[in-house]
Amino acid sequence: MQFHHYGYVSGDPRVQPAAGVGIDRAEELPDEVDVLIVGSGPAGMVAAAQLAQFPGIVTRIVERRPGRLEIGQADGIQARSVETFQAFGFAERIIAEAYRITEMAFWKPDPENPRNIHRAAVTPDDPSGISEFPHLIVNQARVLDYFAEYAHNSPGRITPDYGWEFDGLDIAQPSADGTLPDYPVTVVLERVTGVGVGAGDASHAAPLEGARTGERRTVRAKYVVGADGARSRVRESIGASHVGAQSFHAWGVMDTLAVTDFPDIRTKCSIQSEAGNILLIPREGGHLFRMYVDLGEVPEDDHGAVRRTTLDEIIAKANDILHPYTLDVRNVPWHSVYEVGHRVTDRFDDVPLDEQGSRTPRVFITGDACHTHSAKAGQGMNVSMQDGWNIGWKLGHVLDGRADPALLETYHAERHVVAKDLIEFDREWSKLMATKPEDLGDPAELEEFYMRTFEFPAGFMTQYEASMIVGEAGHQGLATGFPIGKRFKSAPVERVCDGNPVQLGHHHRADGRWRIYAFADAAAPAAHGTALADWANWLREASDSPLVAFTPDGADIDSVFDVKVVFQQPHAAVDLGRVPTTFLPKNGPFGLTDYEKVYAIDPQHDIFELRGVDRSGAVVVVRPDQYVANVLPLGAVDELAGFFRGVVLPR
């Protein structure tokens, strides 16, 4: 964590100075906003947290609830999401309070007495070490609290406007000369509670004087983000189709405090028995656990009757499945009954499919508003957060003048593919979870599928196709461990200035900046005469360099691009006095040197070997949301300049 470069900080360094619209943020919802986010679930809160780093943008987030979410339905946190939490500054704190999944036990009918269950297998949760971060279980409400805190502590000082329900929107049509109003989206809201966020903290509601239930407001916006759940009215308002079907199989889910003799109650378990199936998820706090209890197939003419299954019936079914073990339930803070459905929306913005590319989208949908599926693979909240981050930084760049509005077209192109892949994965996983053991072709089919596909639910199979923000793979061989279009996989390095061992990727914060990682050639560090030195001098001085062409006048040289170098030598062999000054920028009003951009290999875990980086050197470009955008040789300055000319606007 870096601070003090704007002067001495005696308080919490996580609270950034207010700037722009955050200096005197209006408590009342204004009539005109740049971005209106509808819904404060995972996708909405991540988008708001990202946009809070752009204090020149007026962003408001409206939520129909009277205050913070108290009991969340989602709880699975995949490793990719924990990487995201690191970018937003709270990974360590949420890890400390969460339950960590390290393995999964598979229980099946005992061959000697099929009425009883027995432990048939135990598999590691992450057999290949795909991330240095863990797989967690924690209440969705706590995740939202942390993102709300980040948004509130960021320069934009964003806090939710509680008590407002979305009632509809209208998008202005271009005039005869093709122009649009400055705020082309008109949104109608209705106050459904007399409570909202006033001067209170980031996540709790405070009464607003004069707030009246039934009050209607019209807000004009440049862009709208619909994060309002599976029954999204924003989705309906843009005419998008939610396509898919139910599987006609019901599950009862309950968060439970109980006394039991089941030995794996604190281990994630798949339990298959003659009486049905259970997915057991231990929860944070050491005592709470969640059970997804198989209620069986549902007739097509059920018309939702299964949803009236009582809690007592769910508990009784759980005891049948667990036999010979018993479950003495003492408290259930939340339970529900649902039928598995697999649906994905045909488009994730307001532009009809046959008009894609013809105009800039103005309304976007995220999270459950555009993809719904079972909860048993722990994907809903995780994929939704990546939706929110994806659209958040893109809106920030467009409204901040860093990028052409065409950038916004990549949201649907990238995230729709992810959603379709998610639905296909979840359909197979849900089918296996609901199948009786005797009906499986192979008794070990469920655990084999779990092991074979672990990278997908962990969040690491996403690979974006080539576009204006994802380069072609012509030079991929220079860094095979950083696949273009996939998330930047961190690795251990040593910081040269102090010899500290660190994870290179952990310094990629959600501040809206592009990252450019220079992996040095094998020559000793030098200010002149090496491939790295020539590249660094071009980056600092050439008129077509991204730093020169796109950094605003008067701004810190790393305000748009965060440039780092990794040398092939151990840190003791790197003389900072010989390192090109490109990697030692001076920032803030005092012109202080940033020493935390120069790294060396960790001799025990050489990043060049771990990530397949060529010893001749390479440049790895990473997007603001941590996805690799390009891999280039150190000498390919024209290609690097050309890539950013297609992405960033001159300032």
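All residue numbers in this chain count up from 1 along the given sequence. This structure is a prediction, so every number in the text was calculated from the model and none was measured.
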Problem set entry | I601 and F608, any side-chain heavy atoms less than 4.5 Å apart | yes

Exercise. Just by distance, do the side chain of H4 and the backbone of V9 share a donor-acceptor pair under 3.5 Å?
Worked result: yes

Problem set entry | Heavy-atom check, side chain of V579 versus side chain of V574, under 4.5 Å | yes

For this session: Answer yes if the side chains of R487 and Y464 hold a donor-acceptor pair under 3.5 Å, and no otherwise.
Result: no

Exercise. Does R515 make a cation-pi contact with F561, if we ask for NZ or CZ under 6.0 Å from the ring centre and within 45° of the axis?
Worked result: no

Exercise. Between the side chains of E639 and H475, is a donor N or O closer than 3.5 angstrom to an acceptor N or O?
Worked result: yes

Problem set entry | Under-4.0 Å salt bridge between D350 and R359 | yes

Exercise. Counting only N and O atoms by type, is there a donor-acceptor contact under 3.5 Å from the side chain of R415 to the main-chain atoms of V383?
Worked result: yes

Exercise. Are Y627 and V470 side-chain neighbours, meaning at least one heavy-atom pair lies under 4.5 Å?
Worked result: no

For this session: Please confirm whether the backbone N or O of K489 pairs with a side-chain atom of R611, one donor and one acceptor, at under 3.5 Å?
Result: yes

Exercise. Can you say whether the rings of H371 and F348 are parallel (under 30°), tilted (30 to 60°) or perpendicular (over 60°)?
Worked result: tilted

Exercise. Is the backbone of R402 close enough, under 3.5 Å, to the side chain of D400 for a donor and an acceptor to pair up by distance?
Worked result: no

For this session: Give me the one residue out of T366, T84, T462 that meets side-chain hydrogen bond (donor to acceptor under 3.5 Å, both in side chains) with Q386.
Result: T84

Seminar exercise, completed: In short, P570 meets P603 closest at the heavy-atom pair CB-CG, 4.3 Å

Exercise. Donor-acceptor pair, S154 side chain versus A52 backbone, under 3.5 Å?
Worked result: no

Exercise. Does any donor atom in the side chain of H5 or N587 lie under 3.5 Å from an acceptor atom in the other side chain?
Worked result: no

Problem set entry | Neighbour count >12 (heavy atoms, 6.0 Å) for atom CG, D354 | yes

For this session: May I ask you to decide whether D625 forms a salt bridge with K486, counting only side-chain N to carboxylate O separations under 4.0 Å?
Result: no

Problem set entry | 4.5 Å side-chain heavy-atom contact, Y517 and V619 | no

Problem set entry | Inter- and intrachain pairs under ring pair (Phe, Tyr, Trp, His ring centres under 6.0 Å), touching residues 563-597, at least two apart | none

For this session: With the side chain counted from C-beta on, respond yes when F482 and V613 share a heavy-atom pair under 4.5 Å apart, and no when they do not.
Result: yes

For this session: Show your working on side-chain hydrogen bond (donor to acceptor under 3.5 Å, both in side chains) between E409 and T360 and close with a plain yes or no.
Result: CA-CA 7 Å; E409 298 173 20; T360 299; 5.1 Å; no

For this session: Flag the pair V496 / P525 as yes when at least one side-chain heavy-atom distance between them is below 4.5 Å, and no otherwise.
Result: no

Exercise. Can you check whether A555's main-chain N or O pairs, donor with acceptor, with S559's side chain at less than 3.5 Å?
Worked result: no

For this session: State, yes or no, whether a side-chain contact exists between S384 and V46 at a heavy-atom distance under 4.5 Å.
Result: no

Problem set entry | Heavy atoms of other groups near E472 CD, more than 12 under 6.0 Å | no

For this session: Please report the C-alpha distance between V621 and L640 in whole Å, then the side-chain angles of each, then the deciding distance to 0.1 Å, and finally whether the side chain to side chain contact (heavy atoms under 4.5 Å, CB included) criterion is met.
Result: CA-CA 9 Å; V621 179; L640 183 61; 3.7 Å; yes

Exercise. Of all residues at least two apart in sequence or in a different chain, which pass the side-chain hydrogen bond (donor to acceptor under 3.5 Å, both in side chains) check with D521?
Worked result: none

Exercise. Checking side chain to side chain contact (heavy atoms under 4.5 Å, CB included) for the pair V598/R495: CA distance, chi angles, key distance, verdict?
Worked result: CA-CA 6 Å; V598 182; R495 197 162 52 208; over 6 Å; no

Exercise. Strictly by modelled atom types, are H506 and E83 linked by a side-chain donor-acceptor pair under 3.5 Å?
Worked result: no

Problem set entry | Side-chain donor or acceptor of T551 paired with backbone N/O of L547 under 3.5 Å | yes

For this session: Taking atom types as modelled, find out whether Q50 and W389 have a side-chain donor-acceptor pair closer than 3.5 angstrom.
Result: yes

Problem set entry | Exam field: side chain N382 to backbone R80, donor-acceptor pair closer than 3.5 Å | no

Exercise. When you check the side-chain N and O atoms of Q53 and Q16, is any donor under 3.5 Å from an acceptor?
Worked result: yes

For this session: Return yes if a side-chain donor-acceptor contact under 3.5 Å exists between N500 and E494, otherwise no.
Result: no

Exercise. Can K394 and E414 be counted as an ion pair, charged N to O under 4.0 angstrom?
Worked result: yes

Problem set entry | Sidechain N-carboxylate O distance under 4.0 Å for D349, R347 | no

Problem set entry | Validation row, ring centre F550 to ring centre F644 under 6.0 Å | no

Exercise. Counting heavy atoms not belonging to E465, are there more than 12 under 6.0 Å from its CD?
Worked result: no

Exercise. Between D511 and R513, is there a salt bridge with N-O shorter than 4.0 Å?
Worked result: yes

Exercise. Once you round to the nearest 0.5 Å, how far does CD of Q476 lie from CG of N630?
Worked result: 9.5 Å

Exercise. Taking the six-membered ring of Y223, is NZ or CZ of R362 closer than 6.0 Å to its centre and within 45° of its axis?
Worked result: yes

For this session: State whether the side chain of H397 and the backbone N or O of P405 hold a donor-acceptor pair below 3.5 Å, judged by distance alone.
Result: no

Problem set entry | Steps toward ring-ring contact (aromatic ring centres under 6.0 Å, His included) verdict (Y146, F85) | CA-CA 9 Å; Y146 279 112; F85 298 163; 7.9 Å; no

Exercise. Mind checking whether F90 and Y150 have ring centres under 6.0 Å apart?
Worked result: no

Exercise. Taking everything shown except R93 itself, do over 12 heavy atoms lie less than 6.0 Å from its CZ?
Worked result: yes

For this session: For the pair N537 (side chain) and A533 (backbone), establish whether a donor and an acceptor sit closer than 3.5 Å, ignoring hydrogens and angles.
Result: yes

Exercise. Rounded to the nearest 0.5 Å, how far does NZ of K597 lie from CG of L584?
Worked result: 10.0 Å

Exercise. Judged by modelled atom types alone, do T123 and E103 share a side-chain donor-acceptor pair under 3.5 Å?
Worked result: no

